[in-house]
Amino acid sequence: MLRVGIDTGGTNTDLVAIDEDGRIVVTKRPSTVRAPEVGVLVAFDDSGIAPDDVRHFVLGTTIATNARLQGTGARVLYLATEGFQDIPLIGSISRPYAYDLSWERPDPGVARRDCLGVAERVDYRGRVVTPLDEVEIARVLDAVEAALDPGCSVAVNFLFSYLYPAHEIALGTALRERFPDVPVSLSHEVAPIWREYQRATTTILAASVRPMLQGFITDLERELKSRNLGARLAIMKSNGGQMLSDSAPDRAAEIFLSGLAGGVIGGHYFAAAEGTANAVTFDMGGTSCDVGVIENGDYRSVPQISLDWGINVVAPHIDFTTIGAGGGS
């Protein structure tokens with residue numbers, strides 16, 4: 001029986017399979033950017049592996065990372081507590097270089113015209129100050145309908161929703177009922193943390209890649225099933241773990257750096273095999289370059305990672321740095 005691992009990046013898709021006897025099968029094929037499942041399926045078909053021989057099938061992917069680096073994610077409508085809808089654009093007072101007047105604030109992932117205020121309010125103890133009523137929900141739904149374009153995604157981030165999520169749940173339910181084909185990301189599900197700015201950036205980024213991930217995984221599962229693959233499709237997480245594919249689109253923040261985590265894990269394995277306790281991992285892809293550190297025989301983990309200055313993804317990640325300077329760029 002074979003364990004199959006596939007990494008699909010912006011330039012190449014790589015397959016490695018290994019059986020109990022140590023036999024290794026390696027296949028590399030070009031990625032198809034507009035249909036990333038094609039590269040995975042071509043690599044699998046060309047490997048000569050029989051579907052019945054696959055015991056475990058895990059996929060790592062950088063399509064979410066590349067979408068952020070290249071600005072190709074979905075347009076996001078951002079719904080926030082009235083008066084706080086500008087938080088993603090205002091950002092943080094922190095700057096990477098205090099006196100550099102040429103520094104430009106990174107793209108928050110949402111346009112000002114797409115930030116809509118919602119009349120509701122919960123205080124820091126989770127007590128309702130302004131209820132979210134049916135009239136306001138109807139008004140917001142009409143505003144969303146007027147702003148929607150094909151391929152849009154919706155992100156909802158209310159103040160202190162991690163303490164009292166009922167308002168987000170009510171609006172999320174109404175949005176999903178009226179717009180069943182529109183992905184809706186709720187901040188208390190994506191990043192149930194304090195500090196609305198970090199919660200905002202995480203929810204916006206997750207919403208921007210969710211339609212892409214949903215289509216990719218749905219198409220890939222359908223094609224794998226048609227090939228009689230019995231093993232469940234698993235997706236590598238940014239912390240080096242795995243989740244079943246049907247959970248992945250709803251937990252996009254946890255797989256934002258999925259494929260990149262695999263590079264650090266691979267570097268950790270080979271450093272250990274060489275008896276090296278301290279090492280630097282260097283993973284040069286077509287779109288990004290990713291560098292990690294092995295210290296005292298292990299890699300480090302962090303509760304969040306910054307994709308750009310102040311653009312945070314709050315979810316467990318292997319600690320490494322990624323920049324948009326891959327070999328293809």
Side-chain angles (χ1 to χ4, degrees), residues 1-32 35-63 65 216-217 219-248 255 257-292 294 297-299 318 320 326-328:
M1 299 297 287
L2 291 163
R3 297 166 61 88
V4 178
I6 295 185
D7 175 55
T8 176
T11 305
N12 291 310
T13 296
D14 302 283
L15 177 149
V16 177
I18 185 168
D19 65 14
E20 287 84 350
D21 298 324
R23 181 175 65 95
I24 297 175
V25 177
V26 178
T27 305
K28 178 186 286 288
R29 294 293 181 268
S31 294
T32 306
E37 71 280 0
V38 172
V40 176
L41 295 166
V42 170
F44 183 66
D45 292 342
D46 291 355
S47 70
I49 296 172
D52 291 342
D53 292 339
V54 178
R55 185 184 70 182
H56 188 66
F57 194 104
V58 60
L59 172 73
T61 177
T62 61
I63 63 170
T65 320
F216 171 38
I217 291 172
D219 292 344
L220 180 58
E221 284 185 318
R222 182 186 65 248
E223 292 298 324
L224 290 174
K225 187 175 181 180
S226 73
R227 288 161 170 76
N228 299 315
L229 183 75
R232 293 288 302 275
L233 174 62
I235 307 295
M236 175 166 278
K237 298 165 63 175
S238 301
N239 67 354
Q242 298 176 22
M243 70 171 75
L244 291 177
S245 58
D246 51 6
S247 302
I255 61 173
L257 303 181
S258 160
L260 312 185
V264 180
I265 292 173
H268 174 251
Y269 173 85
F270 285 107
E274 292 292 327
T276 302
N278 300 307
V280 174
T281 68
F282 182 88
D283 181 7
M284 174 63 80
T287 309
S288 66
C289 173
D290 316 296
V291 180
I294 309 299
D298 205 357
Y299 50 79
I318 290 177
F320 57 88

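Between Met1 and Glu20 the shortest heavy-atom distance is O-OE1, 2.6 Å. Minimum heavy-atom separation, Arg55 to Ala231: O-CB, 3.7 Å. In terms of heavy atoms, Asn12 sits closest to Pro30 at OD1-CA, 3.9 Å. In terms of heavy atoms, Gly39 sits closest to Thr32 at N-OG1, 4.1 Å. Taking all atoms of both residues into account, the shortest heavy-atom contact from Ile235 to Ser258 is CG2-OG, 4.4 Å.
Rounded to the nearest 0.5 angstrom, Leu220 CG and Leu59 CG are separated by 6.5 Å. Atom OG1 of Thr27 sits about 10.0 Å away from atom CG of Asp45, to the nearest 0.5 Å. Atom CE of Met236 sits about 12.5 Å away from atom CG of Leu257, to the nearest 0.5 Å. Distance check: Gln242 CD to Leu233 CG gives 10.0 Å after rounding to the nearest 0.5 Å. Remark: Asp19 CG to Asp53 CG distance equals 9.0 Å, nearest 0.5 Å. Within the model, atoms OG of Ser226 and CG of Leu41 stand 7.5 Å from one another, a figure rounded to the nearest 0.5 Å.
In summary, the side chains of Thr13 and Ser31 do present a donor paired with an acceptor at a separation below 3.5 Å, with no hydrogens or angles considered.
Using modelled atom types, one side-chain atom of Thr281 and one backbone atom of Gly292 make a donor-acceptor pair closer than 3.5 Å. Using a distance-only test at 3.5 Å, with no hydrogens or angles considered, no donor-acceptor pair links the side chain of Asp21 to the main chain of Arg23. Proximity of a side-chain donor or acceptor of His56 to a complementary backbone N or O of Leu2 within less than 3.5 Å is not detected.
Between Tyr299 and Ile265 there is a side-chain heavy-atom pair separated by less than 4.5 Å. Side-chain atoms of Asp246 and Arg232, non-hydrogen and from C-beta on, do get closer than 4.5 Å to each other. Residues Phe57 and Ile6 form a side-chain contact, since some pair of their non-hydrogen atoms from C-beta on lies under 4.5 Å apart. Between Asp290 and Thr62, every side-chain heavy-atom pair lies at or beyond the 4.5 Å cut-off. Counting heavy atoms from C-beta on, the side chains of Val264 and Ile294 come closer than 4.5 Å.
Partner Lys28 forms a salt bridge (charged side-chain N to carboxylate O under 4.0 Å, His left out) with one of Asp7, Asp14, Asp46 and no other, that one being Asp14.
Salt bridge annotation for Arg227-Glu223: present, with a cationic side-chain nitrogen under 4.0 angstrom from a carboxylate oxygen.
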